[in-house]
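As structure tokens, the structure follows; a few thoughts come after it.
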There are 2 protein chains.
Amino acid sequence: MTEEHLQKAEQLLEQSRLRKTRPRLEILCVLLAADSPLTGEQIFDRITPASVDKATVYRTLLLLLRHDIVHHAYLRNRIRHFELAHHCKPDHCHPHFTCRDCGRTVCLYQAVVPAVQNLPAGYLVLHRQTRLEGICPNCRTEGFGDE
Amino acid sequence: MTEEHLQKAEQLLEQSRLRKTRPRLEILCVLLAADSPLTGEQIFDRITPASVDKATVYRTLLLLLRHDIVHHAYLRNRIRHFELAHHCKPDHCHPHFTCRDCGRTVCLYQAVVPAVQNLPAGYLVLHRQTRLEGICPNCRTEGFGDE
DNA sequence: CTCTTTTTGCAAATGATTTGCAAGAAGAAT
DNA sequence: ATTCTTCTTGCAAATCATTTGCAAAAAGAG
Ligand SMILES: [Mn+2]
Ligand SMILES: [Mn+2]
Ligand SMILES: [Zn+2]
Ligand SMILES: [Zn+2]
């Protein structure tokens with residue numbers, strides 16, 4: 001938990017007029033340090049050991065979700081993944097790529113997702129989400145010389 | 001369960017050389033009749049009452065999943081939704097639209113999803129999935145005259 | 001019809017997420 | 001700084017979708 005993350009965390013809570021409590025700051029710092037969406041359990045594990053209860057982690061995530069400070073990333077399994085919302089525009093979140101080989105998920109911040117074409121009339125799209133699946137650069141180059 | 005669906009269901013099982021059992025045919029017929037992705041529970045409820053156990057429903061869905069007869073639709077909550085795979089190309093499934101108002105999800109079979117631009121080098125994309133969220137035509141026109 | 005291999009039903013287990021409740025902080029007011 | 005009110009937390013127990021173990025039942029080959 002760096003000083004920089006801590007400040008950013010406090011700022012995020014202030015902006016939403018939320019109390020700055022230990023669990024909230026810990027959780028936000030974990031998310032600020034993460035480079036891909038995390039599950040409730042992963043967040044719990046990365047917090048200074050046993051300083052925060054798991055129920056509090058989930059409750060806090062729900063709170064942050066309601067305040068649009070974090071949001072869900074929809075990955076393959078039924079386990080929820082959370083990430084900070086500050087990389088997302090209101091109408092569309094960055095795509096996520098999940099490797100079928102190593103299972104790792106990466107955020108593709110710089111990718112550009114064109115709007116869906118030929119939508120039937122009358123639908124108002126407020127949010128768009130894209131999920132990619134395939135083989136990551138790491139797994140592609142592996143096992144070249146000896147297969 | 002129409003005669004037409006039953007035949008299609010049998011055909012799907014044959015193609016994957018799977019035994020034609022009562023639960024499998026029932027489940028496939030439910031999916032053939034559905035116009036949006038269904039949860040395990042929803043499928044269970046739509047089957048001729050109590051003729052199939054819920055555990056069997058889930059086990060069967062897993063089987064059909066392994067044989068690419070059905071696949072997951074990734075919707076908002078942590079509950080899995082299943083639908084027949086026969087509307088999808090291998091590299092990308094049709095988008096789903098979920099209404100924030102009424103909560104209903106529709107399959108957008110005819111929509112065209114352009115490829116993601118500006119992907120970092122080295123990623124091999126095998127599958128793409130798009131989820132839209134917003135207000136459906138029904139909910140948009142409602143509450144016009146009297147609000 | 002018989003035999004072998006799958007598949008099923010039922011009950012119990014799992015595992016992620018929620019919830020009730022009393023004790024413990026935060027922050028406003030004094 | 002102290003008091004007071006309101007919001008949060010920890011802990012334990014509850015939920016709920018999904019899985020799993022196992023013995024009984026069904027499918028399909030011969
Ligand atoms: Mn992300
Ligand atoms: Mn669909
Ligand atoms: Zn990989
Ligand atoms: Zn609607």
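Lettering follows sequence order; numbering is per chain, from 1.
- Computed from coordinates, the B:Glu41 CD to D:dT18 P distance equals 8 Å when rounded to whole Å.
- The nearest whole Å value for the distance from the NZ atom in A:Lys20 to the P atom in D:dC7 is 18 Å.
- Atom CZ in B:Arg17 sits roughly 17 Å away from atom C1' in C:dT5 (whole-Å rounding).
- Distance alone, capped at 3.5 Å, is enough to place a donor-acceptor pair between the A:Thr141 side chain and the A:Asn138 backbone.
- Atom-to-atom, CZ of B:Phe44 to C1' of D:dA17 comes out at 13 Å; the value is rounded to the nearest Å.
- Listed pair B:Thr21 / C:dT8 meets the phosphate criterion, a side-chain N or O lying under 4.0 Å from OP1 or OP2.
- Sorted by first and then second residue, the pairs that involve residues 112-130 of chain A and meet side-chain hydrogen bond (donor to acceptor under 3.5 Å, both in side chains), not counting sequence neighbours, are A:Gln129-B:Arg131.
- Two residues are said to be in side-chain contact when any heavy atoms from C-beta on lie closer than 4.5 Å; B:Ser16 and B:Ile69 meet this criterion.
- Ring-plane geometry between B:His87 and B:His94 is classed as perpendicular, the angle between the planes exceeding 60 degrees on a 0 to 90 degree scale with a lower cut at 30.
- Straight-line distance from the CG atom of B:Leu18 to the P atom of D:dA27: 14 Å, rounded to whole Å.
- Rounded to an integer number of Å, the gap from A:Leu25 CG to D:dT8 P is 13 Å.
- Contact of B:Arg19 with C:dT5 (side chain to base): a donor-acceptor pair of N or O atoms is detected under 3.5 Å.
- For A:Glu4 and A:Lys8, the salt-bridge test fails: no basic side-chain N is under 4.0 Å from an acidic carboxylate O.
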Whether each nucleotide of nucleotides 19-25 of chain D has a protein heavy atom under 4.0 Å at its base (B), only at its sugar-phosphate (S) or at neither (-) is summarised, 5' to 3', as BBBB---
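- B:Leu63 places a side-chain heavy atom less than 4.5 Å from the side chain of B:Arg24.
- Nearer the 5' end of DNA chain D, as judged by each residue's closest nucleotide, is the contact made by A:Thr60, out of B:Thr39 and A:Thr60.
- A close approach under 4.0 Å does occur between a side-chain nitrogen or oxygen of A:Arg24 and OP1 or OP2 of D:dT8.
- In this structure, CD of B:Gln42 is placed 10 Å from P of D:dT18, rounded to the nearest angstrom.
- Atom-to-atom, CZ of A:Arg66 to P of C:dT18 comes out at 11 Å; the value is rounded to the nearest Å.
- A:Glu14 has a carboxylate O that lies under 4.0 Å from a charged side-chain N of A:Lys20, or vice versa, which qualifies the two as a salt bridge.
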